[in-house]
Amino acid sequence: MKITELLNIKYPILQGAMAHISYAPLVSAVSNAGGLGIIASGGMTKDELKKEIIKCKNLTDQPFGVNLMLMEKNCDDLVKVILEEKVKIITTGAGSPERYLETFKKAEIIVIPVVSKLKHAIKMEKLGVDAIIVEGSEAGGHIGETSSMVLIPEISKHINIPIIAAGGICDENGLLASIALGASGIQMGTRFLASHECPAHINYKNAIINAKEDSTVVICKNTGTPVRCLKNNLTDKYFAIEKTPKSLEKFKKLTIGALKRAVQEGDTLNGSLMCGQIASNINEILSVNDIIQNIMNNYTKLLSKIK
Ligand SMILES: Cc1cc2nc3c(=O)[nH]c(=O)nc-3n(C[C@H](O)[C@H](O)[C@H](O)COP(=O)(O)O)c2cc1C
(Lines give C-alpha, C1' and ligand atoms only; values in the text may rest on other atoms or scores of the structure.)
Protein backbone atom coordinates (compact mmCIF):
# COMPACT_ATOMS: atom_id res chain seq x y z
CA MET A 1 0.00 0.00 0.00
CA LYS A 2 1.18 3.51 -0.78
CA ILE A 3 2.18 5.55 2.26
CA THR A 4 -0.02 8.43 1.03
CA GLU A 5 -3.06 6.11 1.02
CA LEU A 6 -2.23 4.60 4.40
CA LEU A 7 -1.89 8.04 6.03
CA ASN A 8 -4.48 9.83 3.86
CA ILE A 9 -1.99 12.57 2.88
CA LYS A 10 -1.21 14.21 -0.48
CA TYR A 11 2.59 13.82 -0.55
CA PRO A 12 4.83 11.03 0.82
CA ILE A 13 6.61 13.42 3.19
CA LEU A 14 6.64 13.17 6.99
CA GLN A 15 8.04 15.78 9.35
CA GLY A 16 10.17 13.91 11.87
CA ALA A 17 9.21 14.48 15.49
CA MET A 18 11.70 16.80 17.20
CA ALA A 19 11.57 17.13 20.97
CA HIS A 20 11.02 20.72 22.18
CA ILE A 21 10.57 21.78 18.51
CA SER A 22 7.72 20.04 16.71
CA TYR A 23 4.79 21.80 18.30
CA ALA A 24 1.47 22.72 16.70
CA PRO A 25 2.67 25.61 14.45
CA LEU A 26 5.24 23.46 12.62
CA VAL A 27 3.15 20.28 12.70
CA SER A 28 0.00 21.94 11.32
CA ALA A 29 2.00 23.78 8.63
CA VAL A 30 3.39 20.47 7.35
CA SER A 31 -0.04 18.82 7.38
CA ASN A 32 -1.63 21.84 5.67
CA ALA A 33 1.07 21.67 2.97
CA GLY A 34 0.15 18.06 2.15
CA GLY A 35 2.68 16.16 4.28
CA LEU A 36 2.27 14.60 7.71
CA GLY A 37 3.14 16.77 10.69
CA ILE A 38 4.10 14.93 13.88
CA ILE A 39 3.98 16.32 17.43
CA ALA A 40 6.98 15.29 19.57
CA SER A 41 5.65 14.28 22.98
CA GLY A 42 9.13 13.61 24.42
CA GLY A 43 9.66 15.86 27.45
CA MET A 44 5.96 16.88 27.62
CA THR A 45 3.53 16.40 30.50
CA LYS A 46 0.15 14.88 29.64
CA ASP A 47 -1.50 18.31 29.92
CA GLU A 48 1.06 19.86 27.58
CA LEU A 49 0.46 17.10 25.03
CA LYS A 50 -3.32 17.51 25.28
CA LYS A 51 -2.98 21.28 24.70
CA GLU A 52 -0.70 20.75 21.69
CA ILE A 53 -3.07 18.20 20.10
CA ILE A 54 -6.04 20.55 20.56
CA LYS A 55 -4.02 23.45 19.09
CA CYS A 56 -3.15 21.28 16.09
CA LYS A 57 -6.79 20.33 15.54
CA ASN A 58 -7.63 24.03 15.49
CA LEU A 59 -4.88 24.81 12.97
CA THR A 60 -5.48 21.99 10.48
CA ASP A 61 -8.22 19.67 9.34
CA GLN A 62 -5.59 17.39 7.77
CA PRO A 63 -4.14 14.25 9.40
CA PHE A 64 -1.28 14.67 11.87
CA GLY A 65 0.51 12.29 14.22
CA VAL A 66 2.07 12.08 17.67
CA ASN A 67 5.51 10.64 18.42
CA LEU A 68 5.88 8.62 21.58
CA MET A 69 9.33 8.14 23.11
CA LEU A 70 8.86 4.81 24.82
CA MET A 71 11.50 5.35 27.53
CA GLU A 72 9.62 8.36 28.95
CA LYS A 73 8.42 7.71 32.50
CA ASN A 74 4.99 9.23 31.82
CA CYS A 75 4.33 7.14 28.66
CA ASP A 76 1.13 5.56 30.09
CA ASP A 77 -0.30 9.03 30.76
CA LEU A 78 0.66 10.25 27.29
CA VAL A 79 -1.03 7.20 25.74
CA LYS A 80 -4.22 8.02 27.67
CA VAL A 81 -4.20 11.51 26.12
CA ILE A 82 -3.59 10.05 22.65
CA LEU A 83 -6.63 7.79 23.10
CA GLU A 84 -8.82 10.54 24.61
CA GLU A 85 -7.99 12.91 21.77
CA LYS A 86 -8.48 10.18 19.16
CA VAL A 87 -5.09 10.70 17.52
CA LYS A 88 -5.00 8.43 14.47
CA ILE A 89 -1.27 8.09 13.72
CA ILE A 90 1.56 7.29 16.14
CA THR A 91 5.28 7.05 15.51
CA THR A 92 7.40 5.53 18.25
CA GLY A 93 11.05 5.79 19.22
CA ALA A 94 13.45 4.46 21.86
CA GLY A 95 12.10 0.94 22.22
CA SER A 96 9.35 -1.45 21.14
CA PRO A 97 5.69 -0.33 21.18
CA GLU A 98 4.63 -3.94 21.93
CA ARG A 99 3.05 -3.12 25.31
CA TYR A 100 0.60 -0.64 23.75
CA LEU A 101 -0.04 -2.36 20.42
CA GLU A 102 -3.30 -4.11 21.30
CA THR A 103 -4.73 -0.86 22.71
CA PHE A 104 -3.66 1.06 19.61
CA LYS A 105 -5.11 -1.58 17.27
CA LYS A 106 -8.46 -1.53 19.11
CA ALA A 107 -8.54 2.25 18.69
CA GLU A 108 -7.68 1.84 14.97
CA ILE A 109 -4.49 3.86 15.38
CA ILE A 110 -1.82 3.51 12.68
CA VAL A 111 1.47 2.59 14.40
CA ILE A 112 4.83 3.41 12.79
CA PRO A 113 7.97 2.66 14.85
CA VAL A 114 11.35 4.19 14.03
CA VAL A 115 14.05 1.51 13.58
CA SER A 116 17.75 1.58 12.77
CA LYS A 117 18.46 -2.18 12.69
CA LEU A 118 17.23 -5.03 10.47
CA LYS A 119 16.36 -7.28 13.44
CA HIS A 120 14.10 -4.60 14.90
CA ALA A 121 12.38 -4.07 11.54
CA ILE A 122 11.64 -7.80 11.27
CA LYS A 123 10.34 -7.87 14.86
CA MET A 124 8.07 -4.88 14.23
CA GLU A 125 6.56 -6.44 11.11
CA LYS A 126 5.85 -9.66 13.05
CA LEU A 127 4.14 -7.65 15.80
CA GLY A 128 1.77 -6.23 13.18
CA VAL A 129 2.71 -2.54 12.93
CA ASP A 130 1.46 -0.69 9.84
CA ALA A 131 4.75 0.69 8.47
CA ILE A 132 8.24 1.51 9.72
CA ILE A 133 10.50 4.52 9.57
CA VAL A 134 14.04 3.36 8.77
CA GLU A 135 16.46 5.95 10.10
CA GLY A 136 20.07 6.02 8.93
CA SER A 137 22.97 7.31 11.00
CA GLU A 138 23.23 10.56 8.98
CA ALA A 139 20.16 11.76 10.88
CA GLY A 140 20.01 14.41 13.57
CA GLY A 141 19.21 13.56 17.18
CA HIS A 142 19.51 10.04 18.63
CA ILE A 143 20.86 7.67 15.99
CA GLY A 144 21.88 4.11 15.14
CA GLU A 145 25.11 2.98 13.52
CA THR A 146 24.27 2.29 9.86
CA SER A 147 23.80 4.79 7.04
CA SER A 148 20.55 5.07 5.07
CA MET A 149 22.24 3.95 1.83
CA VAL A 150 22.99 0.57 3.42
CA LEU A 151 20.09 0.19 5.84
CA ILE A 152 17.09 0.91 3.59
CA PRO A 153 17.80 -1.62 0.79
CA GLU A 154 18.83 -4.22 3.39
CA ILE A 155 15.58 -3.86 5.35
CA SER A 156 13.40 -3.55 2.24
CA LYS A 157 14.62 -6.99 1.08
CA HIS A 158 13.30 -8.58 4.27
CA ILE A 159 9.97 -6.96 5.00
CA ASN A 160 6.70 -6.27 3.17
CA ILE A 161 5.14 -3.37 5.12
CA PRO A 162 5.78 0.16 3.78
CA ILE A 163 9.12 1.78 4.61
CA ILE A 164 9.62 5.49 5.22
CA ALA A 165 13.24 6.56 4.79
CA ALA A 166 14.77 9.01 7.28
CA GLY A 167 18.24 10.45 7.74
CA GLY A 168 20.11 12.57 5.22
CA ILE A 169 17.15 13.72 3.10
CA CYS A 170 16.28 17.34 2.30
CA ASP A 171 15.18 17.50 -1.33
CA GLU A 172 13.89 15.76 -4.46
CA ASN A 173 17.19 13.88 -4.89
CA GLY A 174 16.74 12.35 -1.45
CA LEU A 175 13.12 11.44 -2.22
CA LEU A 176 14.04 9.76 -5.50
CA ALA A 177 17.02 7.96 -3.95
CA SER A 178 14.85 6.72 -1.07
CA ILE A 179 12.29 5.30 -3.46
CA ALA A 180 15.07 3.66 -5.50
CA LEU A 181 16.39 2.07 -2.29
CA GLY A 182 13.00 0.55 -1.46
CA ALA A 183 11.13 3.17 0.57
CA SER A 184 7.71 4.54 -0.28
CA GLY A 185 8.08 7.86 1.49
CA ILE A 186 10.47 10.06 3.44
CA GLN A 187 10.76 11.63 6.88
CA MET A 188 12.82 14.81 7.32
CA GLY A 189 13.84 16.51 10.55
CA THR A 190 16.76 18.85 9.85
CA ARG A 191 15.16 20.33 6.68
CA PHE A 192 12.05 21.34 8.65
CA LEU A 193 14.19 22.73 11.48
CA ALA A 194 15.34 25.42 9.05
CA SER A 195 11.80 26.54 8.20
CA HIS A 196 9.99 29.77 9.06
CA GLU A 197 7.31 27.90 11.01
CA CYS A 198 9.82 26.03 13.17
CA PRO A 199 9.83 27.60 16.66
CA ALA A 200 13.59 27.07 17.19
CA HIS A 201 15.72 30.17 17.83
CA ILE A 202 17.03 31.94 14.71
CA ASN A 203 20.64 31.28 15.86
CA TYR A 204 19.93 27.52 15.69
CA LYS A 205 18.43 27.82 12.19
CA ASN A 206 21.36 29.97 10.99
CA ALA A 207 23.82 27.42 12.37
CA ILE A 208 22.12 24.78 10.22
CA ILE A 209 22.18 26.76 6.99
CA ASN A 210 25.86 27.61 7.58
CA ALA A 211 26.90 24.00 8.30
CA LYS A 212 29.43 22.15 6.14
CA GLU A 213 29.52 18.42 5.43
CA ASP A 214 31.88 17.82 8.36
CA SER A 215 30.18 20.16 10.85
CA THR A 216 28.35 17.47 12.83
CA VAL A 217 29.74 15.04 15.40
CA VAL A 218 28.25 12.16 17.37
CA ILE A 219 28.42 12.50 21.15
CA CYS A 220 27.20 10.19 23.94
CA LYS A 221 28.34 7.01 22.14
CA ASN A 222 29.79 5.66 25.36
CA THR A 223 26.57 6.18 27.31
CA GLY A 224 24.69 4.06 24.74
CA THR A 225 22.58 6.94 23.43
CA PRO A 226 24.55 8.45 20.53
CA VAL A 227 23.35 11.88 19.44
CA ARG A 228 24.32 13.76 16.26
CA CYS A 229 24.68 17.52 16.65
CA LEU A 230 26.76 20.43 15.38
CA LYS A 231 30.30 20.84 16.72
CA ASN A 232 30.56 23.61 19.31
CA ASN A 233 31.82 24.32 22.85
CA LEU A 234 29.47 21.72 24.26
CA THR A 235 30.78 18.92 22.03
CA ASP A 236 34.43 19.97 22.61
CA LYS A 237 33.83 19.80 26.38
CA TYR A 238 32.13 16.43 25.92
CA PHE A 239 35.14 14.89 24.14
CA ALA A 240 37.54 16.47 26.67
CA ILE A 241 35.84 14.80 29.65
CA GLU A 242 35.16 11.49 27.88
CA LYS A 243 38.31 9.83 29.22
CA THR A 244 38.38 11.46 32.65
CA PRO A 245 37.10 9.85 35.89
CA LYS A 246 33.39 10.19 36.74
CA SER A 247 32.70 11.15 33.13
CA LEU A 248 29.07 9.97 33.26
CA GLU A 249 28.20 12.44 36.01
CA LYS A 250 30.03 15.19 34.13
CA PHE A 251 28.19 14.31 30.87
CA LYS A 252 24.85 14.54 32.61
CA LYS A 253 25.68 17.97 33.97
CA LEU A 254 26.87 19.11 30.54
CA THR A 255 23.95 17.81 28.48
CA ILE A 256 20.87 18.23 30.72
CA GLY A 257 18.62 20.87 29.18
CA ALA A 258 21.16 21.45 26.37
CA LEU A 259 18.65 21.02 23.49
CA LYS A 260 16.22 23.43 25.18
CA ARG A 261 19.09 25.93 25.58
CA ALA A 262 19.69 25.84 21.83
CA VAL A 263 16.00 25.90 20.84
CA GLN A 264 14.75 28.54 23.25
CA GLU A 265 17.78 30.72 24.04
CA GLY A 266 19.68 30.31 20.77
CA ASP A 267 22.80 29.28 22.69
CA THR A 268 24.95 28.01 19.82
CA LEU A 269 28.03 27.61 22.03
CA ASN A 270 26.79 25.52 24.93
CA GLY A 271 23.43 24.31 23.63
CA SER A 272 22.96 20.99 21.84
CA LEU A 273 22.37 21.87 18.19
CA MET A 274 20.98 18.49 17.17
CA CYS A 275 20.81 18.13 13.41
CA GLY A 276 21.74 15.74 10.64
CA GLN A 277 24.67 15.70 8.22
CA ILE A 278 22.25 16.91 5.53
CA ALA A 279 22.48 20.40 7.12
CA SER A 280 25.36 21.01 4.69
CA ASN A 281 22.88 20.74 1.78
CA ILE A 282 20.43 23.18 3.36
CA ASN A 283 21.33 26.76 2.56
CA GLU A 284 18.15 28.71 3.11
CA ILE A 285 15.39 29.04 5.69
CA LEU A 286 12.16 28.46 3.77
CA SER A 287 8.47 28.19 4.52
CA VAL A 288 7.19 24.66 5.08
CA ASN A 289 4.96 25.01 2.02
CA ASP A 290 7.92 26.00 -0.19
CA ILE A 291 10.00 23.10 1.15
CA ILE A 292 7.30 20.58 0.26
CA GLN A 293 6.26 22.17 -3.04
CA ASN A 294 9.90 22.51 -4.22
CA ILE A 295 10.54 18.85 -3.48
CA MET A 296 7.41 17.64 -5.27
CA ASN A 297 7.80 19.95 -8.32
CA ASN A 298 11.49 19.16 -8.74
CA TYR A 299 10.84 15.46 -8.17
CA THR A 300 8.50 15.39 -11.15
CA LYS A 301 11.13 17.19 -13.29
CA LEU A 302 13.83 14.81 -12.09
CA LEU A 303 11.73 11.80 -12.99
CA SER A 304 11.09 13.09 -16.52
CA LYS A 305 14.85 13.70 -16.95
CA ILE A 306 15.87 10.15 -16.12
CA LYS A 307 13.14 8.40 -18.12
C1 LIG B 1 16.51 18.34 17.09
C2 LIG B 1 16.00 16.95 16.80
C3 LIG B 1 15.17 16.35 17.74
C4 LIG B 1 14.65 15.05 17.48
N5 LIG B 1 13.77 14.50 18.38
C6 LIG B 1 13.17 13.31 18.09
C7 LIG B 1 12.15 12.78 18.94
O8 LIG B 1 11.76 13.38 19.95
N9 LIG B 1 11.61 11.57 18.59
C10 LIG B 1 11.99 10.88 17.47
O11 LIG B 1 11.47 9.79 17.21
N12 LIG B 1 12.96 11.38 16.64
C13 LIG B 1 13.52 12.57 16.92
N14 LIG B 1 14.43 13.12 16.02
C15 LIG B 1 14.69 12.43 14.73
C16 LIG B 1 13.76 13.01 13.63
O17 LIG B 1 12.42 12.72 13.90
C18 LIG B 1 14.09 12.47 12.22
O19 LIG B 1 13.90 11.08 12.14
C20 LIG B 1 15.51 12.83 11.79
O21 LIG B 1 15.76 14.19 12.02
C22 LIG B 1 15.70 12.50 10.30
O23 LIG B 1 16.99 12.79 9.88
P24 LIG B 1 17.45 14.23 9.26
O25 LIG B 1 17.69 15.09 10.45
O26 LIG B 1 18.67 13.90 8.49
O27 LIG B 1 16.31 14.74 8.43
C28 LIG B 1 14.99 14.38 16.28
C29 LIG B 1 15.85 15.01 15.37
C30 LIG B 1 16.34 16.30 15.60
C31 LIG B 1 17.21 16.95 14.57
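Scope of the values below: all heavy atoms of this structure, side chains included, with no hydrogens, waters or symmetry mates. All ligand and atom numbering here is 1-based and tracks the order in the structure. Residue numbers run from 1 in the order of the sequence given.
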Under 3.5 Å: N or O atoms of ligand 1 paired with protein N or O:
unit_1   : atom_1 : unit_2 : atom_2 : d
ligand 1 : 5 (N)  : Ala17  : O      : 3.3
ligand 1 : 5 (N)  : Ala19  : N      : 3.2
ligand 1 : 8 (O)  : Ala19  : N      : 3.4
ligand 1 : 9 (N)  : Asn67  : OD1    : 2.9
ligand 1 : 11 (O) : Asn67  : ND2    : 3.2
ligand 1 : 12 (N) : Ala17  : O      : 3.4
ligand 1 : 14 (N) : Ala17  : O      : 3.1
ligand 1 : 17 (O) : Ala17  : N      : 3.2
ligand 1 : 17 (O) : Ala17  : O      : 2.7
ligand 1 : 17 (O) : Gln187 : NE2    : 3.4
ligand 1 : 19 (O) : Glu135 : OE2    : 2.6
ligand 1 : 19 (O) : Gln187 : NE2    : 2.8
ligand 1 : 23 (O) : Gly167 : N      : 3.4
ligand 1 : 25 (O) : Gly140 : N      : 3.2
ligand 1 : 25 (O) : Thr190 : N      : 3.2
ligand 1 : 25 (O) : Thr190 : OG1    : 2.6
ligand 1 : 26 (O) : Gly168 : N      : 2.8
ligand 1 : 27 (O) : Gly189 : N      : 2.8
ligand 1 : 27 (O) : Thr190 : N      : 3.4

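- Within the structure, salt bridge (Lys or Arg N to Asp or Glu O under 4.0 Å) pairs that include any residue of residues 126-144 comprise Lys105-Asp130 (at least two apart or interchain).
- Applying the side-chain hydrogen bond (donor to acceptor under 3.5 Å, both in side chains) rule to Asn206 yields no partners; only residues at least two apart in sequence or on another chain are considered.
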Would Asp171 and Tyr299 satisfy side chain to side chain donor-acceptor pair (under 3.5 Å), going step by step from the backbone distance to the final call?
CA-CA 8 Å; Asp171 57 16; Tyr299 176 70; over 6 Å; no
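- Atoms CD1 and NZ, from Ile209 and Lys205 in turn, are 10.0 Å apart once rounded to the nearest 0.5 Å.
- Salt-bridge check for Glu172 with Lys301: failed, with every basic side-chain N at 4.0 Å or more from each acidic carboxylate O.
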Can you give each donor-acceptor pair under 3.5 Å made by side-chain atoms of residues 273-289, sequence neighbours left out, with the distance rounded to 0.1 Å?
unit_1 : atom_1 : unit_2 : atom_2 : d
Ser280 : OG     : Gln277 : O      : 3.2
Ser287 : OG     : Asp290 : N      : 3.0

